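Okay, so here's the structure we're looking at.
What you see below is based on every heavy atom in this structure, not just the backbone, and it leaves out hydrogens, waters and symmetry mates. Proteins come first, then strands; the chains are lettered A, B, ... in the order of their sequence lines, and each starts at number 1. A quick note: this is a predicted structure, and the numbers were derived from the prediction, not measured.
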Protein chains: 2
Amino acid sequence: MDEHRPFADSRNGAKSPSTTVASSVYVKMRLDILTGDLRPGEKLRSEFLRGRYNAGISPVREALNRLSTERLVCREDQRGFHVAGVSKAGLVELTKTRCWIEEIAIRESIEWGDDAWEEQIVLSFHRLSRTPRSSEDLTYAFNAKWEGLHRDFHNAIIACCGSHWLLGFCEQLVDQADRYRQLAAAVSYPKRNERNEHKDLMEATLSRDADRAVAIQCAHIRKTADIVLEANLSFLPDDIDLADPSRC
Amino acid sequence: MDEHRPFADSRNGAKSPSTTVASSVYVKMRLDILTGDLRPGEKLRSEFLRGRYNAGISPVREALNRLSTERLVCREDQRGFHVAGVSKAGLVELTKTRCWIEEIAIRESIEWGDDAWEEQIVLSFHRLSRTPRSSEDLTYAFNAKWEGLHRDFHNAIIACCGSHWLLGFCEQLVDQADRYRQLAAAVSYPKRNERNEHKDLMEATLSRDADRAVAIQCAHIRKTADIVLEANLSFLPDDIDLADPSRC
DNA sequence: TTTCCTATTAATTTCCAAATTCATTTAACT
DNA sequence: AGTTAAATGAATTTGGAAATTAATAGGAAA
C-alpha cells in the first residue's frame, strides 16, 4: 500500500482508471521475472512476496495466478508457485517458435502497413538509437528505458499484421526470450552492434522487402539465442529436469 | 466443497496430485464459457459465481484471474469481470490466425512425426468416428465425449510439431473458436458431414502430403467460421463495441 | 432540460485467521 | 539397516468480514 492511487482525478468526466494492488503486484513481479531479479526456478512463497511487494496475500496470489497462465510462473496445486525454469533445450524451442511466428507477423504487416505505420517505425528507431543499451558506461546494467524502446521498435514493425492474437503471441515469446537475454546480457556486453541490426531491419521493412526483413529478424533472434547458448552458463541446464517442479 | 479429493491415494510413493478448489472452479468455469453456458459479454459477479460453483470468494477470483490472461474472461480493475465478447470481425481475425498457426504446426508435425504419431492419429480418428456429434438423435445437444475426442484427433495431428508454444497457441485459438462453434451448433446441425472432412485430413497427413493436409485443415476451419457468419445470429455484433466493457 | 453535487446502495478488492495439505523428523517395528 | 507409521512444523489454500471503490438515485442550481 505505497503509491496506490497516486492521483484520484475526478474533476472531468474522463474516469481515471484506478488500478488495484493485485495489478500493481502483477506488473512488478512480471518485471522482476523478466529481468531475472526473481531467478528461474526460484520458489515463490507467499510470505516472501507479501513482504517484497508490501501487499496482502490475496493480491499476491491473484498476480501469481495471472502469471501462471502466461507461463512465467509455474503452479502446482497444494505446492505453491515457482518462477518458470529455463534450459538450453527450452531456448532452442523458443527461438524456433519465435522465428515461425514473427515471420508471419512481418509479412502480413509489410503487406498491410500504411503511412502512419512507416512513420511509427522511423520514430521508434530514432528514439531507440539515441538511448544507451546499458545504463552504465563500461559494464552492463539493466536499462529500463532502452528495454521499453526496444520493444516499441519491434512492435512497430509487426503492428499492422492484422491479428491481435498474433501480436499477443509475439509478446509472450518476447517475454520469455527476455529472461534468457538478461541471463547473458552481462556476458555479451558490449560485443554486439545491435543498432546496425535494427537499422537493417527498418530499411528492409520500409522498402517492403519481406523476404529480407524476415531473414534479418530471424538472424537477430537466433544471434541473441546463440550468445546465450555459447556463454555456457553454469546455471543453465541442458534440458528441463522432469523431477524439478519448476519445469512447467 | 462437493467432490473435492475423490480419493486420497497415499499407499504408494507416487504422490497423488490432489487438486484445489480454485483449479476445480477454473476447469468448470472454463467449460461453461466454452459451451456458451456463460454467454459472451455476461457479467461475472463474485456472489453469483460463489453460488454457482459452491466455493468461497478466493478460489473464484483465482480462477477468474487465470481465465483473464487467456482472454476467455476480461477484467477491468475495480470493475470486475466479464465473459469475453464475440463479434463477426473477431471471428474473422481468429479464423485467419488459426490458419496461419495451424499451417506451421501441421507442416512441422508431418516432417517430424514417427510411427507412434501415425498410430495415435488412426486411433483417435477411429474413436471420434464412432461417437455421435450430438448427444440426442434429431436435435443438437452438446456432447462432451465427442468434443473431447474431436480435440484429441486434431491434437494428434499436430502433436509432433516440436514446440510446446505452438501447441499452446493452437489450443488457445481452438478454445476461442469453440465458443463461436457452440453459438451456431444448433443452427448448423446436422447439415455437415464432418466425418469425411476428418477422414480426408487423416489420409493426407498419413501420406505426408503437407500441402494437401494444410489445405484441408484451413478449409475445415473456414467452413466452421462461415457457418457461424452465415447463420446471421442476432446476438453477434459486426464489430466489437468499444464502449462495451466485455470488449477486452 | 441539463448539469452538477450529494447520499445511498451495490460491487469489488483486500486483509487476515482458520482449515487443510505437504514436508520433515522421530519413533517403532520387522 | 531398512521400512513403515505417527508426530511435528511449515506452507498453501480457503472463507468471510472489513475497507475501498463504483454505480445509482435524488435534488439543487444554472
Side-chain angles (χ1 to χ4, degrees), chain A residues 1-29 42-68 73-82 243-246, chain B residues 1-29 42-68 73-82 243-246:
Chain A
M1 280 65 45
D2 263 333
E3 70 301 342
H4 189 225
R5 295 223 61 173
F7 40 87
D9 165 302
S10 61
R11 272 178 305 136
N12 49 19
K15 297 167 190 173
S16 62
S18 65
T19 184
T20 59
V21 177
S23 288
S24 145
V25 171
Y26 166 78
V27 169
K28 286 179 196 158
M29 187 148 68
E42 185 172 349
K43 186 96 172 57
L44 297 170
R45 288 199 184 78
S46 31
E47 267 311 309
F48 168 67
L49 298 171
R50 228 175 75 77
R52 183 180 180 106
Y53 300 111
N54 194 33
I57 282 183
S58 306
V60 163
R61 283 185 66 86
E62 298 207 355
L64 285 167
N65 275 289
R66 288 184 209 170
L67 291 165
S68 72
V73 156
C74 120
R75 174 184 49 75
E76 275 198 307
D77 278 357
Q78 311 284 20
R79 257 167 254 192
F81 300 85
H82 294 260
D244 182 348
S246 72
Chain B
M1 278 57 48
D2 265 333
E3 71 300 342
H4 190 224
R5 295 221 62 173
F7 42 84
D9 165 301
S10 63
R11 272 178 306 136
N12 49 18
K15 297 165 189 172
S16 62
S18 66
T19 185
T20 60
V21 178
S23 288
S24 142
V25 171
Y26 165 78
V27 169
K28 286 180 196 158
M29 187 148 65
E42 184 173 350
K43 186 97 172 57
L44 296 169
R45 289 200 183 79
S46 32
E47 268 310 309
F48 168 67
L49 298 170
R50 227 175 75 76
R52 183 180 179 106
Y53 300 110
N54 194 34
I57 280 183
S58 307
V60 162
R61 284 185 66 87
E62 298 206 358
L64 286 167
N65 275 289
R66 287 186 210 168
L67 291 166
S68 72
V73 156
C74 120
R75 174 185 49 77
E76 274 197 308
D77 276 357
Q78 311 283 20
R79 257 167 253 192
F81 300 85
H82 293 260
D244 182 348
S246 73

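Closest of all the heavy-atom pairs between B:Phe48 and B:Glu42 is CE2-OE2, 4.2 Å.
Taking only side-chain nitrogens and oxygens, B:Lys43 never comes nearer than 4.0 Å to OP1 or OP2 of C:dA10. Between B:Arg50 and D:dG16 there is a side-chain N or O to OP1 or OP2 distance below 4.0 Å. Taking side-chain N and O atoms only, A:Thr20 has no distance below 4.0 Å to OP1 or OP2 of C:dT12. Neither OP1 nor OP2 of D:dT13 sits under 4.0 Å from any side-chain N or O of A:Ser46. For C:dA10, the OP1/OP2 oxygens have no side-chain nitrogen or oxygen of B:Arg45 closer than 4.0 Å.
In this structure, CG of A:Leu64 is placed 10 Å from P of D:dT12, rounded to the nearest angstrom. Atoms CZ (A:Phe81) and C1' (C:dC22) sit 15 Å apart, rounded to a whole Å. The CD1 atom of A:Ile57 sits 13 Å away from the P atom of D:dT14 (whole-angstrom rounding). B:Asn54 has its CG atom 13 Å from the C1' atom of D:dT14, to the nearest Å. For the pair B:Glu62 CD and D:dT14 P, the interatomic distance rounds to 7 Å; values are reported in whole Å. If you take CG of B:Leu49 and C1' of C:dA11, they are 13 Å apart, rounded to a whole angstrom. Per the geometry, NE2 belonging to A:His82 stands 12 Å off C1' belonging to D:dT12, to the nearest Å. Rounded to a whole Å, the CD atom of A:Glu42 is 14 Å from the P atom of D:dA11.
When distances run from any side-chain atom of A:Arg79 to the nucleotides D:dT14, C:dT13, C:dA23, the shortest one goes to C:dA23. Residue A:Ser18 has its side chain nearest to D:dT21 when only D:dT21, D:dT13, C:dA23 are considered. Nearest nucleotide to the B:Arg61 side chain, out of C:dT12, C:dC15, D:dT14: C:dT12. Side-chain proximity of A:Val21 to the nucleotides C:dT14, D:dT14, D:dT12 is greatest for C:dT14. Closest contact between the side chain of B:Ala22 and the listed nucleotides D:dT14, C:dT12, C:dC15 involves D:dT14. Of the candidate nucleotides C:dT12, D:dA22, C:dC22, C:dC22 has the atom lying nearest to any side-chain atom of A:Gln78.
Salt bridge status for B:Asp77 with B:Arg79: absent, with no side-chain N to carboxylate O gap under 4.0 Å.
At a threshold of 4.0 angstrom between heavy atoms, the contacts of B:Phe48 with the nucleic acid are absent.
Counting only heavy atoms from C-beta outward, the side chains of A:Glu62 and A:Ser23 never approach each other to under 4.5 Å.
Cation-pi geometry between B:Arg75 and B:Phe81 is not satisfied (NZ or CZ under 6.0 Å from the ring centre, within 45° of the ring normal).
Of the N and O atoms on the side chains of A:Arg61 and B:Ser58, not one donor lies less than 3.5 Å from an acceptor on the other residue.
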